[in-house]
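Just so it is clear, the structure is predicted and the values come from calculations on it, not from any experiment. Computed from heavy atoms alone, side chains included, the values below leave out hydrogens, waters and symmetry copies.
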Amino acid sequence: MTDAENPPVDGAQQEVAVIPGLFTLSGAAALGTFSIDVAKAAAPWLMPQQTFYIDVIDSTLSDGYHLITLAFSNTGRHGVYIEELFVAKPKNEPILVGDYVKNMMKGPGFNDGLLGKPEKKFPLHIEPGFDSRIVIAVPQKSRLDYEKDPSITLAYVLTMLNDPKPREPKEIKVRIRW
């Protein structure tokens with residue numbers, strides 16, 4: 001046998017090893033481009049669009065006030081300010097605002113000494129990844145006045161620190177309880 005008829009085994013292995021290497025490089029480049037396109041298309045679905053939430057934690061009646069406990073949560077990467085909070089419906093309804101406290105003897109509620117006008121509490125800064133709880137006190141209402149709709153509508157103005165545009169007030173409806 002001559003060398004031309006039987007090429008060396010090492011040479012054959014070397015040629016075979018080069019061919020998959022070429023496919024791997026071009027395949028990786030194509031796969032990389034495809035992966036980037038898929039990630040760009042999927043990003044809006046995977047990333048939350050809303051990063052600020054208001055949750056109604058509790059609504060009770062105590063000492064002549066409807067007490068509403070709210071939690072403001074900032075899940076975004078930038079700070080948020082709640083500039084103001086007021087009752088939108090019924091209009092001109094006075095409110096008092098207090099810090100939420102958890103008293104082991106009384107349970108959740110507010111600190112009477114810290115209850116005051118909203119101007120003393122707002123603007124309220126909420127850092128990224130944090131939340132804040134407050135209690136809103138609305139003077140007690142007659143059940144007859146709220147027979148059809150036992151709720152009030154709170155409005156708030158929000159400033160996102162990464163967005164220079166002024167925000168319009170947003171509303172949240174809260175059921176009041178007796």
Side-chain angles (χ1 to χ4, degrees), residues 39-178:
K40 284 180 184 176
W45 296 96
L46 299 175
M47 303 277 297
Q49 298 299 313
Q50 181 176 344
T51 60
F52 182 78
Y53 302 90
I54 295 183
D55 298 312
V56 180
I57 304 300
D58 198 7
S59 177
T60 61
L61 180 67
S62 177
D63 299 327
Y65 286 96
H66 295 283
L67 301 178
I68 301 164
T69 305
L70 300 176
F72 304 107
S73 302
N74 179 6
T75 61
R77 296 177 20 210
H78 303 282
V80 172
Y81 275 92
I82 301 165
E83 301 293 348
E84 61 180 311
L85 178 78
F86 55 93
V87 178
K89 295 174 191 162
K91 283 195 178 250
N92 301 320
E93 187 67 43
I95 62 171
L96 297 173
V97 179
D99 289 321
Y100 173 86
V101 294
K102 202 168 197 175
N103 185 325
M104 297 305 280
M105 301 300 283
K106 294 181 179 179
F110 64 95
N111 184 339
D112 291 333
L114 298 178
L115 199 62
K117 293 185 178 184
E119 297 82 31
K120 290 186 176 184
K121 188 71 181 163
F122 297 100
L124 175 64
H125 178 242
I126 302 173
E127 295 181 40
F130 286 88
D131 64 359
S132 181
R133 288 187 182 193
I134 65 168
V135 175
I136 297 173
V138 180
Q140 184 174 350
K141 304 294 169 213
S142 164
R143 285 181 187 245
L144 295 175
D145 293 340
Y146 288 86
E147 200 168 46
K148 290 182 182 177
D149 183 11
S151 67
I152 63 171
T153 302
L154 297 173
Y156 61 96
V157 177
L158 187 69
T159 298
M160 307 289 284
L161 293 179
N162 65 322
D163 187 358
K165 294 181 282 189
R167 298 279 177 138
E168 294 295 318
K170 292 187 177 187
E171 295 182 345
I172 181 170
K173 200 166 189 174
V174 178
R175 182 162 187 344
I176 56 174
R177 300 186 53 85
W178 283 268

Search all heavy atoms of [X] against all heavy atoms of [Y] and return the closest pair with its distance.
X	Y	value
Pro128	Gly79	CG-N, 3.7 Å
Ala88	Ala155	CB-CB, 3.9 Å
Pro90	Tyr146	CG-OH, 3.3 Å

Out of curiosity, [X] [atom1] to [Y] [atom2], how far, rounded to the nearest 0.5 Å?
X	Y	atom1	atom2	answer
Leu85	Lys121	CG	NZ	11.5 Å
Ile82	Leu70	CD1	CG	8.5 Å
Asn74	Ile126	CG	CD1	6.5 Å
Tyr156	Phe52	OH	CZ	6.0 Å
Thr159	Asn162	OG1	CG	11.0 Å
His66	Ile95	NE2	CD1	13.5 Å

(request) Using a 4.5 Å cut-off on heavy atoms from C-beta on, say whether the side chain of Leu96 contacts that of Tyr65. (result) yes
(message) For a 4.5 angstrom cut-off between non-hydrogen side-chain atoms, does Thr75 reach Tyr53?
(response) yes
(request) Take Asp145 and Arg143 through the test side-chain contact (heavy atoms from CB on, under 4.5 Å) and record every step on the way to the result. (result) CA-CA 5 Å; Asp145 293 340; Arg143 285 181 187 245; over 6 Å; no
(message) Which label fits Tyr81 and His125: parallel for a plane angle under 30°, tilted from 30 to 60°, or perpendicular past 60°?
(response) tilted
(message) If we ignore hydrogens and angles and just use 3.5 Å, is the side chain of Asp55 paired with the main-chain N or O of Ile57 as donor and acceptor?
(response)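 The answer is no, because no donor-acceptor pair under 3.5 Å joins these two groups.
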Side-chain polar contacts of residues 129-138 - donor-acceptor pairs under 3.5 angstrom, sequence neighbours left out - could you list them?
none

(request) Verify side-chain contact (heavy atoms from CB on, under 4.5 Å) between Lys89 and Ile152, making sure each step is shown before the conclusion. (result) CA-CA 6 Å; Lys89 295 174 191 162; Ile152 63 171; over 6 Å; no
Counting only pairs under 3.5 Å, give me each side-chain donor-acceptor contact of residues 171-178, with atom names and distances, residues two or more places apart or in other chains.
residue : atom : partner : partner atom : Å
Lys173  : NZ   : Asp149  : OD2          : 3.1
Trp178  : NE1  : Lys141  : O            : 2.8

(message) Evaluate His78 against Met160 for side-chain contact (heavy atoms from CB on, under 4.5 Å), listing each step before the verdict.
(response) CA-CA 7 Å; His78 303 282; Met160 307 289 284; over 6 Å; no
(message) I'd like to know whether Val97 forms a side-chain contact (heavy atoms from CB on, under 4.5 Å) with Phe122, so could you lay out the CA-CA distance, the side-chain angles of the two residues, the decisive distance to 0.1 Å, and finally the verdict.
(response) CA-CA 10 Å; Val97 179; Phe122 297 100; 4.2 Å; yes
